[in-house]
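Working notes for the structure below.
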2 protein chains.
Amino acid sequence: MNASRTARERVRAELIREITDIARRHLATEGATGLSLRAVAREMGMVSSAIYRYFPSRDDLLTALIIDGYNALGEAVEHADAACARDDFTGRWLAVCRAVRAWALAHPHEYALLYGSPVPGYAAPQDTVAPAVRDTAVYGRIVADAHHAGRLTPPPICPSPPAILAQDAEVVRSLMPDVPDDVVARAIVAWTGLFGMVSFELFGQFNNTITHRAELFEHNMACLARLLGLPE
Amino acid sequence: MNASRTARERVRAELIREITDIARRHLATEGATGLSLRAVAREMGMVSSAIYRYFPSRDDLLTALIIDGYNALGEAVEHADAACARDDFTGRWLAVCRAVRAWALAHPHEYALLYGSPVPGYAAPQDTVAPAVRDTAVYGRIVADAHHAGRLTPPPICPSPPAILAQDAEVVRSLMPDVPDDVVARAIVAWTGLFGMVSFELFGQFNNTITHRAELFEHNMACLARLLGLPE
DNA sequence: GCTAATAGAGAGCGGTGCTCTTGACGAAGG
DNA sequence: CCTTCGTCAAGAGCACCGCTCTCTATTAGC
């Protein structure tokens, strides 16, 4: 009875898995707007209406892919960080940067889904927020570790953040505990700088201009590391 | 004969203008994927097939909107820069940053079209590249002006760029003449940082985290100014 | 074994981009 | 002046989309 129930559940889970797999493949080749429930159903030998037994709408399928994407990126970032010596904070930051860029280049459409223009009419449900910060959590840990090890020497060039940002810093501190406001602010600069760089490359802003993208990326991330206060 | 020909051309130009106006309004409310030729035609009291006399495909209409968007953003940036004292280089940089952010917040869907995920299957034709660098050209002038005025003091924290980037720097130098490679590299860091920040805010990455976005933006752009070497 | 839940199939609605054909109109040339 | 030719709006139609509804067959649980 329990076994039989799980039997049905199992085939259902298997079908859901197959749907998302096919959908992810379609996403990778055609992009988000080219993802169609009917095409997925066709490839599964199903009639289109049957898909709705498993995903009540196209947006729900998209949500599943988004969550998968955040988790895949987060996992890649976690692995990259884990492969570094714990006290090599600059190395950990650079490893995270490279992991983000590599994953984005390998999965451009998924990256666009996560960090590109939001799909109109689509509101990210609450289930996405936890996977969405997996990569940021790794980054926050690096910043916090470096700070607590006394290896984060703020460059003298940055102004100190206005007092009003203290509230927001408090929220961000859940990812990088016990770090002062100015470090939080610089951490945001570096983090947005990383994704600005990756997005520019991936979304075509470097076309006809930058050819040595890996080298430029490496150099720019080193610059941001210095701005963040990481040692050389 | 010439007058009559221009008469026909005139009504044609007027219709094209009306189509793009309506399309831009639809784009602003529904976003790029919600832009439909049929809806535009409906609003014009035309039958959908008639639109194809003026825009051979949906992508061509999109291209027109993209060019308009680049020009609108470029114009906003040019005006913001022009309103500053020529030798207030930091002020000019900050004015450009604020102009980009303000325009993006006012036209989120157009910004997404320009700097968000590329529309799948859409390749930007060559006509878009000139308008696309209007804002960057303004930025390049600021950097070059500051450098030649001797007001660009490179912070000691940045590594110098690898020699291989010299080729790409040569291309970038068409926008900021006679500027050394290391300045070019830092200029790219700041520029991608600006758009990374705007994109994060606009694409929802700051949801549930950052509330004082204008203040954070201001502070971060000041940080990037210092990284760039601009005076306080 | 019977009942109730579940899954798939099919038809259908309104929408999309795009193509092709048809008929009307206006401008240019004999 | 009249004809010819290019332009344009219109309509029908194709293949696709998301999504809903109904009907039937299967299956699980009592």
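In what follows, every chain begins at residue 1, and chains take the letters A, B, ... in the order their sequences are listed. Worth knowing before you read on, the calculation uses all heavy atoms, side chains too, and leaves out hydrogens, waters and symmetry mates. Treat the numbers as computed from the prediction; the structure is a model and nothing was measured.
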d(CZ, A:R10; P, D:dT27) in whole Å: 16 Å

Whole-Å distance separating the CD atom of B:E30 from the C1' atom of C:dT16: 14 Å

Residue met sooner reading DNA chain D from 5', once A:P56 and A:S36 are mapped to nucleotides: A:S36

d(CG, A:L35; P, C:dT16) in whole Å: 20 Å

Sugar-phosphate only, base, or nothing, as touched by A:R38 at under 4.0 Å among non-hydrogen atoms: base

Nucleotide D:dT20, atom P - distance to CZ of A:F55 in whole Å: 16 Å

Check: B:S117 side chain, A:S117 main-chain N or O, donor-acceptor pair, under 3.5 Å: yes

Spacing of A:L62 atom CG relative to D:dC17 atom C1', expressed in whole Å: 15 Å

Within the 6.0 Å centroid threshold, strictly below: A:Y115 and B:F203: no

Distance test, side-chain N/O of B:R12 to OP1/OP2 of D:dC8, below 4.0 Å: yes

Distance in angstrom units between A:R58 CZ and D:dC17 C1', rounded: 9 Å

Integer-rounded Å distance: D:dT27 P and A:E9 CD: 16 Å

Ring centres under 6.0 angstrom apart (B:W191, B:Y139): yes

Donor-acceptor under 3.5 Å (A:D168 side chain, B:H212 main chain): yes

Intermediate values then yes/no, salt bridge (Lys or Arg N to Asp or Glu O under 4.0 Å), A:R25 and A:E43: CA-CA 11 Å; A:R25 244 193 29 242; A:E43 186 163 334; 2.3 Å; yes

d(CD, A:E18; P, C:dG8) in whole Å: 11 Å

Salt bridge (Lys or Arg N to Asp or Glu O under 4.0 Å) between A:R98 and A:E218, intermediate numbers included: CA-CA 8 Å; A:R98 293 185 196 114; A:E218 201 71 21; 2.4 Å; yes

Any residue of residues 46-54 of chain B with a heavy atom less than 4.0 Å from an atom of DNA chain C: B:S48, B:S49, B:Y52

A:L35 backbone acceptor or donor facing A:R58 side chain under 3.5 Å: yes

Sugar-phosphate only, base, or nothing, as touched by B:L61 at under 4.0 Å among non-hydrogen atoms: nothing

